[in-house]
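Following: one structure in structure tokens, then a few remarks.
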Amino acid sequence: MGTYKLTGRESLGVEFGSTRIKAVLIDEECNPIASGGYNWENQLVDGIWTYPLSQVWEGLQSAYSELNEEVNAKYGEYITTLSSIGFSAMMHGYLPFDKDGEQLAEFRTWRNTITGDAAAKLTDLLKFNIPQRWSIAHLYQAILNGEEHTKDIAFLTTLAGYVHYKLSGQKVLGVGEASGMFPIDSATGDYNSEMLDKFSNLDDVKSCGWNIRDILPKVLSAGENAGTLTAEGAALLDTSSRLQPGALMCPPEGDAGTGMVATNSVTVRTGNVSAGTSIFAMVVLEKPLSDVYEEIDIVTTPTGKDVAMVHCNNCCTDLDYWVNIFAEFAKASGSDMPKYKIYDLLYESALDGDADCGGVLNFNYFSGEPVSHTDDGRPMFLRTQGSTFNLPNFFRAQIYSTMSTLKMGMKILEKEDVKIDKLTGHGGLFKTPVVGQRLMAGAMNAPVSVMETAGEGGAWGIAVLARYAFDSKGETLEAFLENEVFSKYKSTTIEPEQSDVDGFNEYMKLYEKALAVERAAYENI
């Protein structure tokens, strides 16, 4: 049993990722001291990517229970009080409720690409890029579709906002999460008032009978009080009934915001790349972009600074399937090699591949990618005549495919002369040391850092935001992270190798030509 004693001043962070719900407990110095998890997977139901809300609660309770059991095993007692709690989740999507709190439509996640008409019309109306996955695009598409439930909406929120509301009674969002629902004015730290008016004045919106200002959650900045854990909320979180109500709740944030916090990427000219089921890069801007780009989202840090975000729906899923094939072969051959070693072996083989993959190409598209203007996806492996088809090139192509669409969006930021002093990587792609980091540095042509905290991810990030809300030390979030959190953690940085930069650029030429083949695949198969 460890020497640490619970003080009741610990902070809890829970993040609802696309494949895992993770809970992390931290001490007063933001060190992780226990964790728990629950695996889940989105389902395609009647053409909609969704999760049942019953599984939200099953997963939350399971992750918290596992964390609590680890606390008891390590420290000889269970959690009874907490100083603060934070909830985070995958951003965007659509969760509408009526005045009685009844869910009006299935939870429509960020992964859906079914709002093209609405997104295009709103982008034109607002002169601001509205991606398909944003909540306002889902809402307006439902209106355009004539869906009856739209007239009964009293509250629209995200997954993080929903969980926070059920545990605190507060209909609020952190500004970073809110920026994935509706555009934010960084000068006010609130929804853009002029754009709210334009949306409200649309005839088909007027016919719904509500005002957009009344159904969106209130926007809060990092450090602000977002309510407290209610008795009902404590019972929902901890089925053992040990946890007492009263813990401070920080503003709920999206996985983009917690990724920025977890990588200390909230200051101007810093950025991060999150690479898991999806992949996105975020760069904190010095000044606004000169134009509107449908490939670039403008969201914000948890304190409201403008951030350019390139978001791609597909990253490691296809790669994981291929690793499973090799794992099945290893098992059939009588090997007892553990899965993580198979990952490491395959990743490390990629470093022996040709810098341009030798004419070998992979598309990891399980769904459409707005950045590459593909409406649907079919995972697809291709090789040219005369290609050098071997294991190193095969697996290098798998890793390249996770970042190829991202590169297409990042080229736009290069043309806009957006400066990046530091790019920090986190997520599953970076778990094997060096490989993902080095290949990402070559792909982005920028130094890539990985922190020793990267494995804790967004759940740790939202726990840190909960800690900041409870005791900010009188500092800005940027100073708090620099002085109180990251000063004690090590990071490793890899500079881009010119051969990797040149090789990836050659790979991208073939990749962009082959997009026609990818489109033909989903149109015909």
Side-chain angles (χ1 to χ4, degrees), residues 1-17 20-39 56-89 160 163-164 167-168 222 226-230 233-253 255 257-259 261-262 426 451-473 480-481 484-486 488-489:
M1 236 173 249
T3 56
Y4 182 82
K5 294 291 183 186
L6 294 187
T7 64
R9 291 170 62 85
E10 291 80 15
S11 297
L12 173 70
V14 181
E15 182 156 280
F16 292 78
R20 191 157 191 259
I21 300 168
K22 185 171 183 181
V24 170
L25 189 70
I26 62 172
D27 63 19
E28 293 178 63
E29 295 182 345
C30 296
N31 299 304
I33 57 174
S35 64
Y38 174 87
N39 294 325
V56 168
W57 301 111
E58 177 187 325
L60 174 61
Q61 290 161 1
S62 178
Y64 180 79
S65 175
E66 186 176 288
L67 176 145
N68 214 357
E69 290 300 332
E70 183 177 303
V71 167
N72 186 52
K74 281 183 172 180
Y75 313 118
E77 55 185 317
Y78 288 102
I79 300 166
T80 56
T81 56
L82 292 165
S83 66
S84 54
I85 302 174
F87 288 100
S88 172
V163 174
H164 183 96
L167 270 67
S168 69
T228 57
L229 180 68
T230 62
L236 261 178
L237 177 59
D238 181 11
T239 54
S240 73
S241 302
R242 295 185 186 95
L243 182 62
Q244 300 301 305
L248 175 70
M249 304 277 283
C250 77
E253 265 300 345
D255 50 1
T258 59
V261 170
H426 60 114
M451 295 181 173
E452 62 183 9
T453 57
E456 300 299 338
W460 179 70
I462 191 66
V464 170
L465 285 172
R467 186 75 216 157
Y468 178 69
F470 183 76
D471 182 12
S472 69
K473 310 285 188 189
F480 179 84
L481 293 178
E484 312 299 331
V485 182
F486 286 99
K488 61 195 171 192
Y489 290 121

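On a predicted model such as this, the values are computed, not experimentally measured, just so you know. Numbers for residues simply follow the sequence, beginning at 1.
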Any side-chain to backbone donor/acceptor pair from [X] onto [Y]? Under 3.5 Å, distance only.
| X | Y | result |
| --- | --- | --- |
| T230 | L167 | yes |
| Q61 | L236 | yes |
| Q244 | T81 | no |
| S88 | E253 | yes |
| Y75 | I33 | yes |
| K22 | G457 | no |
| N72 | E77 | yes |

- Item | Plane angle bin for W460 and Y489 - parallel if under 30°, tilted between 30 and 60°, otherwise perpendicular |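 Perpendicular: the ring planes of Y489 and W460 meet at over 60°.
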Closest approach of [X] and [Y], non-hydrogen atoms and distance?
| X | Y | value |
| --- | --- | --- |
| R242 | N68 | NH1-ND2, 4.4 Å |
| L229 | M249 | N-CG, 3.7 Å |
| S62 | G37 | OG-O, 4.3 Å |
| A226 | H164 | O-NE2, 2.9 Å |
| L67 | A34 | CD1-O, 3.7 Å |
| L25 | I79 | CD2-CD1, 4.0 Å |

pair [X]-[Y]: side-chain heavy atoms closer than 4.5 Å:
| X | Y | answer |
| --- | --- | --- |
| R467 | V485 | no |
| F480 | K473 | yes |
| V14 | I21 | yes |
| W57 | V163 | yes |

- Message: E58: which residues meet the side-chain contact (heavy atoms from CB on, under 4.5 Å) condition with it, sequence neighbours left out?
- Response: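 If we apply the side-chain contact (heavy atoms from CB on, under 4.5 Å) test to E58, skipping adjacent residues, the hits are Y38.
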- Residues which pass side-chain contact (heavy atoms from CB on, under 4.5 Å) with A222, listed by chain and number, not counting sequence neighbours: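 A222: side-chain contact (heavy atoms from CB on, under 4.5 Å) contacts with P302, T303, L465, Y468, L477.
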